[in-house]
Amino acid sequence: MIDIARAFDHGKAFIAFVTAGDPSLEATETYVKALVAGGADLIEIGIPFSDPIAEGPVIQQADQRALASGTTVDRVFEMVARLQTQVDVPLVFLTYLNPVFHYGYPAFFQRCRESDISGLIIPDLPFEEQAEIRSTALSFGVAPITMVAPTSDDRIARIATQAEGFIYAVSSLGVTGERRQITTDLSAMISQIRRSSDRPVAVGFGVHSPEQARSIGRMADGVIVGSHIVSMIGADPAGAPDQLFEYAQSMKQALLSID
Amino acid sequence: MTGRFGPYGGQYIPETLMNELFKLDQAWTHFRHDPAFQADLDRLLHDYAGRPSRLYFAERMTRDLGGARIWLKREDLNHTGSHKINNVLGQALLAQRMGKTRIIAETGAGQHGVAAATAAALLGLECEVFMGQEDTERQSLNVYRMELLGARVRPVTSGTMTLKDAVNEAMREWTARVDDTLSVLGSVMGPHPFPALVRDFQSVIGREIRTQLAEQTGQLPDAVVACVGGGSNAIGSFHTFIPDASVALIGCEAAGAGIETGRHAATIATGSIGVFHGMKSLFCQDDDGQIAPVYSISAGLDYPGIGPEHAWLHDSGRASYVPITDDQAVAAFEYLARQEGIICAIESAHAIAHVQQIAADWRPDQDIVVCLSGRGDKDVAAIARYRGRTISD
């Protein structure tokens, strides 16, 4: 299993999200390889869920397409097992608690270990409910990655102190999706996190352009892009590998250009 | 642990909402003991909503069924026509005390949406109601009613376009705008403190049943029967009687076209433990933990989960839950209209249907109370269609 910290070893990290099985698991494999070839430092693989309450329309629809194409948790594990021999960056899952709960925590995390999944992000599992998975995940070497939001305030210290892998800083109120402007005072939020943790901080929700990557990269250790990638895939599934390769290059270049 | 009913309940919700849920919990912990808040709520429930609602002895039904005495708790006579007003008046007053200027709500059939729009109009709050596109078409009258009351109705086109998706969308909207907004959940579901908060506001139903029946018979009821979707009128009716072991508590869930057809919303009969909509509870789901599409003729019971306290009452054996099909509910809807001159909500007809089945098993000196959670005007056109007649609203 690749240590998540390695994603932050080559300058500011570009973290890319794809929904597994949209439009097919075979296609997802090629997208992940293209993103990594273009310079992505860590890949978040979304296990689709019927009711993803933290997602905007773009990822909601990707989840629907992925489920319609017959994607199951087991089939995602099989895809990841094929991928692990072909990419050399850490892979983490992003999904909702119910598919994991239903699979059974020990069985799920054991398969994570077998398929080289380094971490797990669950948007509907806040700090107070982390006990659900924390000890099981850690015992299989999987980092439970927690989120910090613009409304977290006094909770930031508590969350950050116990953080594993990296800290997912949510840039904005609301759900995932591209935003022209991010109005949250990210620098205040990030310094608050850094007072309690030396884990890397990556910012997601609304991030898509190299300009945003450059400005956020000055404060954070990395940026996370989901909806923009998923909409590129949705618009042109066949042409997406080339576009994703170029996009990852442009994002990584922007992040490396920060002095 | 806070907000738990045995293994059920909890707060499985995006981080963005956590501090807001704590604030809501603190506000309720404070105001539930605040005499001025309680006085305001009692005044609204009495003068505006028309409480206490009547407990009516259904003499013709009792005679016809030939067993226990049947009593109807007439929540259908409340202002806006259902029990939903009890909860929204409480939550809207709470929102106001918390300094919120806007409430949002999800609705299936529209009863909770109409109640929320009503409370918002009364208290001068902005109101937006999320309703599945399919439900806005099935219940166009209620859409217009909410608009008349000054609310904005937002049709939800994601997922299955019904109640579950309306809940998703209301939660998403709340994460986008927490500062001035309270999401007023309509049932005993969602993350803590909602299951407890909504129960507290609805438990006025059971407290009144206790007093009113004692005045008539000097006794406790032998059974209390209510329909269950998320389960707010049922918890409201049951809650005060939980310590009274002699009182049977029976919830009636929607079996739709029949359990064996797979087209139903019978969570207790067929569901399994899971985590969804902020709570750990029982849900209709597939082998991979995806939430299953559900079906019922009743938009208000057309929900793939059940409140966590019900899941616990079921596990502990304190309450029992029975499935009632569309056919049985429609027959009960018609039966109550002819027998007692009451057109009840199709949701409530699920409870009536069960009483039709069991009344004769009880003695004539025993009392069964049925919560008539809402009135049936909204359902008349759909029932006519079910019987092959097309009428316009």
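To find a chain, count down the sequence lines: A is the first, B the second, and so on, and within it residues start at 1.
For chain B, the nearby parts of P99(A) are the backbone and the side chain; heavy atoms of each come within less than 4.5 Å. For F22(B), the part lying near chain A is the side chain, with the backbone staying farther off; criterion is any non-hydrogen pair under 4.5 Å. At a 4.5 Å heavy-atom cutoff, E20(B) makes no contact with chain A through either its backbone or its side chain. Contact of T157(B) with chain A is not made at all, since no heavy-atom distance falls under 4.5 Å. Of the two parts of D286(B), only the backbone, made up of N, CA, C and O, holds a non-hydrogen atom closer than 4.5 Å to a non-hydrogen atom of chain A. Contacts of E169(B) with chain A are made by side-chain atoms alone, with heavy-atom separations under 4.5 Å and no backbone atom involved. There is no contact between P57(A) and chain B, counting heavy-atom distances below 4.5 Å. For V100(A), no part lies under 4.5 angstrom from a heavy atom of chain B. Contacts of D153(A) with chain B are made by both backbone and side-chain atoms, with heavy-atom separations under 4.5 Å.
Using a 4.0 Å cut-off between charged side-chain N and carboxylate O, E106(B) and K84(B) make no salt bridge. A salt bridge links E132(A) with K280(B): the closest approach of a Lys/Arg side-chain nitrogen to an acidic carboxylate oxygen falls below 4.0 angstrom. Salt bridge present: D221(A) and R194(A) bring a charged side-chain N and a carboxylate O closer than 4.0 Å.
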Checklist entry - Does the side chain to side chain contact (heavy atoms under 4.5 Å, CB included) test come out yes or no for E128(A) and H192(B), once each step is laid out? => result CA-CA 12 Å; E128(A) 279 71 8; H192(B) 177 75; over 6 Å; no

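The most heavy-atom pairs under 4.5 Å with chain B, out of V170(A), I122(A), I53(A), L67(A), come from I53(A).
Few gaps surround CG on D154(A); more than 12 heavy atoms of other groups in view lie less than 6.0 Å from it.
Proximity of the aromatic rings of Y12(B) and F101(A) is defined here by a centroid distance below 6.0 angstrom, and this criterion is not met.
The main-chain N or O of G177(A) is found under 3.5 Å from a side-chain atom of R179(A) such that the two form a donor-acceptor pair.
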